[in-house]
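The shown structure was predicted, so the numbers you read here are calculated from the model rather than taken from an experiment. Whatever order the structure lists ligands and atoms in, that order sets their numbers, starting from 1.
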Amino acid sequence: MKELVIQGKAVTKNYGSFRALDSLDISIPKGSIYGLIGLNGAGKSTLLKILLGLIKYDHGEIRIFDSDKLDIKKLNKIGSIIEYPYFYEHLTGEENLCIHADFLQFTDKNRINEIFDLVDLSSARHKRVREYSLGMRQRLAIGRAILQKPELLILDEPINALDPEGIKEMRELFKTINREYGTTILISSHILSEMEMMADYIGIISDKHMVKEMSMDELKEVTKKHLRIETDD
Ligand code: ATP
């Protein structure tokens with residue numbers, strides 16, 4: 001049995017009289033890239049906000065790093081991008097990251113260089129953010145989210161609205177972060193084919209609950225078995 005970074009059992013969330021999540025289970029193995037797949041309105045953002053402690057849930061149990069408490073120490077180990085990434089538009093990419101680093105009382109200035117290399121924005125670090133494309137802005141947001149090398153990264157639809165080249169760059173970036181820092185990455189998306197190219201596990205959320213969680217190997221087996229292309233010979 002693999003060590004789990006996130007384990008949710010029977011998580012239920014109501015917005016007033018509307019039930020958004022109904023007894024949802026989720027298990028995310030340590031060190032994996034986990035793709036949370038579901039159609040618009042399936043409840044992905046609701047689940048991610050609950051995991052981050054941004055909104056409360058009504059019933060169930062959630063354990064992150066093997067405890068049900070989400071204190072500051074634990075939140076420090078989690079990086080996230082939940083909504084459209086906002087920056088100071090009139091400041092440069094570097095100034096934006098430095099403000100965040102100062103806020104975190106981060107003293108290692110080499111880390112800023114490392115981050116710009118990693119997110120492939122070294123040549124744009126002195127440009128104002130208002131000149132950044134959507135893909136560059138997303139990469140800067142990832143840089144900000146991984147400044148303190150989080151053990152867990154939670155990303156809500158980070159490839160939404162990116163062009164194919166931007167999606168490819170993001171995919172490679174997530175794989176690098178996962179490989180180099182051992183960061184467990186939870187990514188929501190409605191594009192299964194994209195998750196197939198980067199995730200180790202996927203969870204399918206539909207009708208307010210987790211329909212199925214499986215490893216990519218299991219998914220490949222299922223696809224091979226049930227979607228075999230028949231030939232005449
Ligand atoms: P999308 O990709 O469209 O954001 P999603 O899978 O992230 O979809 P959620 O945003 O979690 O889905 O929404 C799940 C359901 O809960 C939807 O029917 C949505 O309308 C509803 N919902 C979300 N936030 C609220 C809220 N604050 N108040 C009431 N209903 C809400």
Quiz item: Taking both backbone and side-chain atoms of Gly43, is any N or O found less than 3.5 Å from an N or O belonging to ligand 1?
Solution: yes
Practice problem: Do me a favour and list the nearest non-hydrogen protein atom to atom 22 (N) of ligand 1 with residue, atom name and distance? | Solution: Tyr15 CE1, 3.4 Å
Quiz item: Is Leu39 touching ligand 1 with its side chain, its backbone, both, or neither, if touching means heavy atoms under 4.0 Å apart?
Solution: backbone
Self-check item: Lys49 and Lys13: CA distance, side-chain angles, deciding distance, side chain to side chain contact (heavy atoms under 4.5 Å, CB included) verdict
Solution: CA-CA 11 Å; Lys49 285 180 195 162; Lys13 167 71 188 171; over 6 Å; no
Quiz item: What is the closest protein heavy atom to atom 21 (C) of ligand 1, and at what distance does it sit?
Solution: Phe18 CE2, 3.8 Å
Quiz item: Any donor-acceptor pair under 3.5 Å linking the side chain of Asp58 with the backbone of Asn14?
Solution: yes
Quiz item: At what distance is the nearest protein heavy atom to atom 14 (C) of ligand 1, and which residue and atom is it?
Solution: Gly41 O, 3.3 Å
Self-check item: Non-hydrogen protein atom less than 4.0 angstrom from atom 16 (O) of ligand 1
Solution: yes
Practice problem: Pick, from Gly16, Ala42, Ser45, Ala20, the option with the minimum heavy-atom distance to atom 10 (O) of ligand 1. | Solution: Ser45
Quiz item: Can you tell me which residue and heavy atom of the protein come closest to atom 9 (P) of ligand 1, and the distance to 0.1 Å?
Solution: Thr46 OG1, 3.7 Å
Quiz item: Heavy-atom contacts under 4.0 Å between Glu157 and ligand 1: side chain, backbone, both, or neither?
Solution: side chain
Practice problem: Might you check, step by step, whether the distance between atom 19 (C) of ligand 1 and some protein heavy atom is under 4.0 Å? | Solution: no
Quiz item: Does Ile99 sit in a hydrophobic cluster with other residues, and if so which ones, taking ILVMFWY side chains as linked at heavy-atom separations under 4.5 Å, directly or through other members?
Solution: Tyr88, Leu91
Exercise. Answer yes or no: is there a donor N or O on one side and an acceptor on the other, between the side chain of Tyr201 and the main chain of Ser27, under 3.5 Å?
Key: no
Exercise. Classify the side-chain pair Ser215/Glu218 by whether it contains a donor and acceptor separated by less than 3.5 Å.
Key: yes
Quiz item: Would you say the side chain of Leu147 lies within less than 4.5 Å of the side chain of Phe103, judging by non-hydrogen atoms?
Solution: no
